[in-house]
Amino acid sequence: LTIYKGVLDRVVAHARAALPDECCGILVGGGDRVVEVVSTENVAADPRRHFLIDPKAHIDTRRHARGRGLQVVGFYHSHPRSDARPSAIDLAEASYPGLLYLIVGLAPEPPEIRVYRLEAGNFRETAFVPLT
Ligand SMILES: [Zn+2]
């Protein structure tokens, strides 16, 4: 798995800008490569503790990506006050098998980024290479 460095930078910048709330968004790419990030509004009722990607943004992003030969390959969100390991709620709410779930944890400095793939109802951590 490779992730463009610009994608990682934008995720961290979004996470910081959204403080004290969690931020969220969509990862776009193809094959084993994440090439773009789409920042979306966190429409959760309690955005300090949860995230919910705006469903309309998800649909629009999927359509727009497909039109350019890309696809939605995953999602990201932030943990403003902890590390990048997924919570029990993160797993319970993850509903796209095979897709990537990137988490940025802002408690460590520099921020910690971990990527998981949802497989058989569990998160499997996936190593990634930043690509400049
Ligand atoms: Zn989380």
Side-chain angles (χ1 to χ4, degrees):
L1 177 68
T2 55
I3 304 178
Y4 282 13
K5 180 85 166 45
V7 166
L8 299 170
D9 292 345
R10 280 198 55 190
V11 166
V12 172
H14 188 200
R16 286 185 166 135
L19 284 171
D21 291 348
E22 295 192 10
C23 75
C24 57
I26 301 169
L27 305 173
V28 173
D32 242 7
R33 196 167 277 207
V34 181
V35 301
E36 288 175 12
V37 62
V38 177
S39 303
T40 63
E41 196 186 338
N42 181 355
V43 297
D46 180 7
R48 297 219 176 172
R49 282 176 229 259
H50 298 284
F51 78 98
L52 180 61
I53 290 170
D54 179 3
K56 184 182 183 309
H58 186 182
I59 292 165
D60 289 349
T61 299
R62 199 157 45 187
R63 184 183 304 128
H64 189 229
R66 217 181 268 148
R68 294 174 303 132
L70 298 170
Q71 52 192 316
V72 169
V73 294
F75 311 96
Y76 73 87
H77 75 284
S78 63
H79 287 171
R81 290 163 295 277
S82 60
D83 64 25
R85 276 172 297 197
S87 67
I89 291 169
D90 288 339
L91 182 59
E93 294 182 345
S95 49
Y96 291 90
L99 292 203
L100 301 170
Y101 289 80
L102 182 153
I103 303 174
V104 52
L106 291 180
E109 185 58 47
E112 179 185 39
I113 294 176
R114 293 177 186 263
V115 181
Y116 300 84
R117 202 181 287 277
L118 184 63
E119 286 180 357
N122 271 299
F123 282 134
R124 190 168 62 81
E125 187 164 7
T126 303
F128 65 92
V129 179
L131 196 69
T132 47

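Keep in mind the model is a prediction, meaning the values are calculated, not measured.
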With distance as the sole criterion, is a donor-acceptor pair present between the side chains of S39 and Y76 under 3.5 Å?
yes

Apply side-chain contact (heavy atoms from CB on, under 4.5 Å) to the pair Y101 and L118, showing each step before the final yes or no.
CA-CA 7 Å; Y101 289 80; L118 184 63; 3.9 Å; yes

With rounding to the nearest 0.5 angstrom, report the CZ to CG distance, F123 to L100.
10.5 Å

Any donor-acceptor pair under 3.5 Å linking the side chain of N42 with the backbone of H50?
yes

Side chains of R114 and E125 in contact at under 4.5 Å (non-hydrogen atoms):
yes

CZ of F51 to CG of D46, rounded to nearest 0.5 Å, is 13.5 Å

With rounding to the nearest 0.5 Å, note down the distance linking CZ in R66 to CZ in R62.
6.0 Å

S82 versus P108, closest heavy-atom pair with distance:
O-CD, 3.9 Å

G105 and A84: which non-hydrogen atoms are nearest, and at how many Å?
N-CB, 3.7 Å

Side-chain heavy atoms of T61 within contact of V28, under 4.5 Å:
yes

Test item: L91 and Y116 side chains (from C-beta on) under 4.5 Å apart, heavy atoms
no

Reported SG-to-CG distance for the pair C24 and L52, which is rounded to 0.5 angstrom
7.0 Å

Once rounded to the nearest 0.5 Å, what's the spacing between atom CG of L102 and atom NE2 of H77?
9.5 Å

Does V38 offer a backbone N or O that forms a donor-acceptor pair with the side chain of T40 under 3.5 Å?
no

Any P86 side-chain heavy atom under 4.5 Å of I103 side chain
yes

Residue pair V35 / V7, side-chain heavy-atom distance below 4.5 Å
no

So, does R16 use its side chain to make a donor-acceptor pair with the main chain of L106 at under 3.5 Å?
no

Side-chain H-bond candidate by donor/acceptor type, H79 with D90, under 3.5 Å:
yes

Check the pair D54 / K56 against salt bridge (charged side-chain N to carboxylate O under 4.0 Å, His left out), numbers first and verdict last.
CA-CA 5 Å; D54 179 3; K56 184 182 183 309; over 6 Å; no

Beyond-backbone contact of V11 with V37, side-chain heavy atoms, under 4.5 angstrom
yes

Any chance the rings of F75 and Y96 have centres within less than 6.0 Å?
yes

So which heavy atom on P130 is nearest to which on L8, and how close?
CB-CD1, 3.8 Å

Between I59 and L70, is there a shared hydrophobic cluster once you connect ILVMFWY residues whose side-chain heavy atoms come closer than 4.5 Å?
no

From I3 CD1 over to E36 CD, what is the distance, rounded to the nearest 0.5 angstrom?
14.0 Å

Within the 4.5 Å heavy-atom criterion, are V104 and E112 side-chain neighbours or not?
no

Give the minimum heavy-atom separation between V72 and A65, together with the two atoms involved.
N-CB, 4.5 Å

Could you check whether any side-chain N or O of R81 sits under 3.5 Å from a backbone N or O of P20, counting only pairs where one atom can act as donor and the other as acceptor?
yes

Does any part of the side chain of R33, heavy atoms only, come nearer than 4.5 Å to the side chain of L131, both counted from C-beta?
yes

Closer than 3.5 angstrom, by distance alone: can the side chain of T2 be matched with the main-chain N or O of V129 as a donor-acceptor pair?
no

Are the charged groups of E22 and R48 less than 4.0 angstrom apart, N to O?
no

